Peer 1: 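The structure that follows is given in the form of structure tokens.
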Amino acid sequence: LYVNILNKTFDLFEQYFIDEEGGIYMNLTADWQELNEIKSQVPLMNYFEALTPLYRVSKLIRYVPQNKLLKMSVIENVVTSLYEFVIEILRPYAAQPIQNNYLVLFEEYNSNWSQPLSESYASLGNAMKWSYLISNFIDQGIPLSAGRA
């Protein structure tokens with residue numbers, strides 16, 4: 001029963017919440033339309049975090065599951081795609097003095113994820129959470145580019 005609900009939720013999520021650029025909509029209306037054009041890193045982080053227990057469970061399964069969300073290769077592909085998307089939206093932090101090699105994940109971006117909003121900011125707490133989540137997947141064996149993390 002729970003596995004069926006999980007599958008239906010994941011299918012609904014993939015169908016409506018993934019945007020054209022590969023990010024995730026934060027809010028949708030009742031008829032599945034984007035509520036506003038502001039994109040946030042928060043749903044990306046929440047999704048990445050939700051995949052953590054699924055990946056742990058998938059590593060413990062000793063048979064090939066019929067459920068796609070419990071297949072280790074499916075989770076690895078989703079995690080890798082999400083990671084690559086996040087790496088692509090990192091932007092230089094305009095601190096004084098400017099540090100060209102210091103990239104951050106801002107909280108909010110424009111409608112196509114190409115630039116952070118001018119009033120956006122980088123959250124130290126969220127940066128620490130991302131660091132933990134990424135290092136956790138690397139430690140578990142997902143081949144994320146550790147040099148870029």
Side-chain angles (χ1 to χ4, degrees), residues 2-58 67-149:
Y2 294 116
V3 172
N4 290 337
I5 293 170
L6 181 65
N7 274 335
K8 288 178 183 178
T9 302
F10 187 73
D11 290 342
L12 190 73
F13 179 79
E14 282 188 322
Q15 183 177 358
Y16 293 107
F17 281 85
I18 306 293
D19 69 24
E20 298 80 27
E21 287 79 22
I24 300 172
Y25 294 119
M26 184 147 177
N27 299 302
L28 297 175
T29 64
D31 60 347
W32 304 109
Q33 300 302 308
E34 184 177 8
L35 191 58
N36 59 43
E37 292 189 356
I38 296 173
K39 305 293 174 112
S40 170
Q41 68 82 27
V42 172
L44 300 170
M45 183 172 56
N46 291 341
Y47 187 38
F48 209 76
E49 186 174 21
L51 294 168
T52 303
L54 284 176
Y55 189 67
R56 277 195 203 113
V57 168
S58 75
N67 182 316
K68 69 180 175 185
L69 283 179
L70 294 178
K71 290 183 180 176
M72 194 166 39
S73 62
V74 171
I75 299 169
E76 286 177 350
N77 289 339
V78 172
V79 167
T80 301
S81 296
L82 184 57
Y83 172 78
E84 289 299 326
F85 178 80
V86 168
I87 292 297
E88 292 303 316
I89 63 172
L90 292 174
R91 295 290 177 260
Y93 185 69
Q96 295 297 329
I98 294 176
Q99 299 173 353
N100 294 332
N101 60 349
Y102 187 58
L103 300 174
V104 298
L105 182 64
F106 285 88
E107 291 297 306
E108 296 180 330
Y109 289 79
N110 62 4
S111 63
N112 67 358
W113 295 95
S114 62
Q115 291 294 322
L117 298 181
S118 60
E119 65 275 4
S120 190
Y121 57 92
S123 163
L124 178 59
N126 285 339
M128 294 171 105
K129 190 170 186 176
W130 271 109
S131 295
Y132 166 76
L133 292 169
I134 291 169
S135 66
N136 181 51
F137 278 117
I138 291 171
D139 289 347
Q140 290 189 56
I142 292 184
L144 302 177
S145 175
R148 296 180 69 184

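Since this is a predicted model, take the numbers as computed values, not measurements.
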Peer 1: Once side-chain contact (heavy atoms from CB on, under 4.5 Å) is applied, do any residues pair with Asn136, and if so which ones, sequence neighbours excluded?
Peer 2: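 Expected list: Thr52, Arg56, Tyr132, Gln140.
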
Peer 1: If you look only at distance, which donor and acceptor atoms sit under 3.5 Å apart when one is on a side chain in residues 9-18 and the other is two or more places apart or in another chain?
Peer 2:
{"from": "Thr9", "atom 1": "OG1", "to": "Ile5", "atom 2": "O", "distance (Å)": "2.8"}
{"from": "Asp11", "atom 1": "OD1", "to": "Lys68", "atom 2": "NZ", "distance (Å)": "2.7"}

Peer 1: Once side chain to side chain donor-acceptor pair (under 3.5 Å) is applied, do any residues pair with Ser73, and if so which ones, sequence neighbours excluded?
Peer 2: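 In terms of side chain to side chain donor-acceptor pair (under 3.5 Å), with neighbours along the sequence ignored, Ser73 is linked to no residue.
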
Peer 1: Apply side-chain contact (heavy atoms from CB on, under 4.5 Å) to Glu20 and list each qualifying residue two or more places apart in sequence or on a separate chain.
Peer 2: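 With sequence neighbours excluded, Glu20 shows a side-chain contact (heavy atoms from CB on, under 4.5 Å) to Tyr25, given in chain and number order.
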
Peer 1: Please give me the minimum heavy-atom distance between Phe137 and Leu51, naming the atom from each residue.
Peer 2: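 Nearest heavy atoms, Phe137 then Leu51: CZ-C, 3.8 Å.
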
Peer 1: Taking only residues two or more places apart in sequence or in another chain, which ones pass side chain to side chain donor-acceptor pair (under 3.5 Å) with Asp31?
Peer 2: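 Testing Asp31 for side chain to side chain donor-acceptor pair (under 3.5 Å), a comparison that skips the adjacent residues, returns Thr29.
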
Peer 1: Quick one: CD on Glu76 to OH on Tyr55, what's the gap to the nearest 0.5 Å?
Peer 2: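 The OH atom of Tyr55 is 3.5 Å from CD of Glu76, to the nearest 0.5 Å.
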
Peer 1: Which residues pass the side-chain contact (heavy atoms from CB on, under 4.5 Å) test with Glu119, not counting sequence neighbours?
Peer 2: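 Here the qualifying residues are Leu117.
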
Peer 1: When rounded to the nearest 0.5 angstrom, what is the spacing between CG in Leu82 and CZ in Phe48?
Peer 2: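 Reported to 0.5 Å precision, the distance equals 5.5 Å.
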
Peer 1: Where do Glu21 and Ser111 come nearest, in terms of heavy atoms and distance?
Peer 2: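 Minimum heavy-atom separation between Glu21 and Ser111: OE1-O, 4.0 Å.
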
Peer 1: So which atom in Gly23 and which in Leu44 form the shortest heavy-atom distance, rounded to 0.1 Å?
Peer 2: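 Nearest heavy atoms, Gly23 then Leu44: CA-CD2, 4.0 Å.
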
Peer 1: Which residues satisfy the side-chain contact (heavy atoms from CB on, under 4.5 Å) test with Met45, sequence neighbours excluded?
Peer 2: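 For Met45, the residues satisfying side-chain contact (heavy atoms from CB on, under 4.5 Å) (neighbours in sequence not counted) are Gln41, Asn126, Lys129, Trp130, Leu133.
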
Peer 1: Donor-acceptor pair, distance only, cut-off 3.5 Å: does the side chain of Tyr83 make one with the backbone of Leu144?
Peer 2: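 Side chain of Tyr83 to backbone of Leu144, a donor-acceptor pair under 3.5 Å: no, none is there.
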
Peer 1: With sequence neighbours left out, what residues match Ser114 under side chain to side chain donor-acceptor pair (under 3.5 Å)?
Peer 2: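 Per chain and number, Ser114 pairs via side chain to side chain donor-acceptor pair (under 3.5 Å) with Asn110, Asn112.
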
Peer 1: Just verifying a value: how many Å separate Ile89 CD1 and Leu105 CG, rounded to the nearest 0.5 Å?
Peer 2: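 With rounding to 0.5 Å, CD1 (Ile89) is 5.0 Å from CG (Leu105).
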
Peer 1: Under the side chain to side chain donor-acceptor pair (under 3.5 Å) rule, collect the residues that match up with Glu34, sequence neighbours excluded.
Peer 2: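 With neighbours one apart ignored, the set is empty.
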
Peer 1: Measure the spacing between OH of Tyr109 and CD1 of Ile38 and express it to the nearest 0.5 Å.
Peer 2: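 The OH atom of Tyr109 sits 14.0 Å away from the CD1 atom of Ile38.
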
Peer 1: Work out which heavy atom in Ser40 is nearest to a heavy atom in Met26; give both atom names and the distance.
Peer 2: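 It is CB-SD, 3.3 Å.
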
Peer 1: Nearest 0.5 Å please: distance from the CD1 atom of Ile142 over to the CG atom of Asn77.
Peer 2: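 If I round to the nearest 0.5 Å, the distance is 9.5 Å.
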
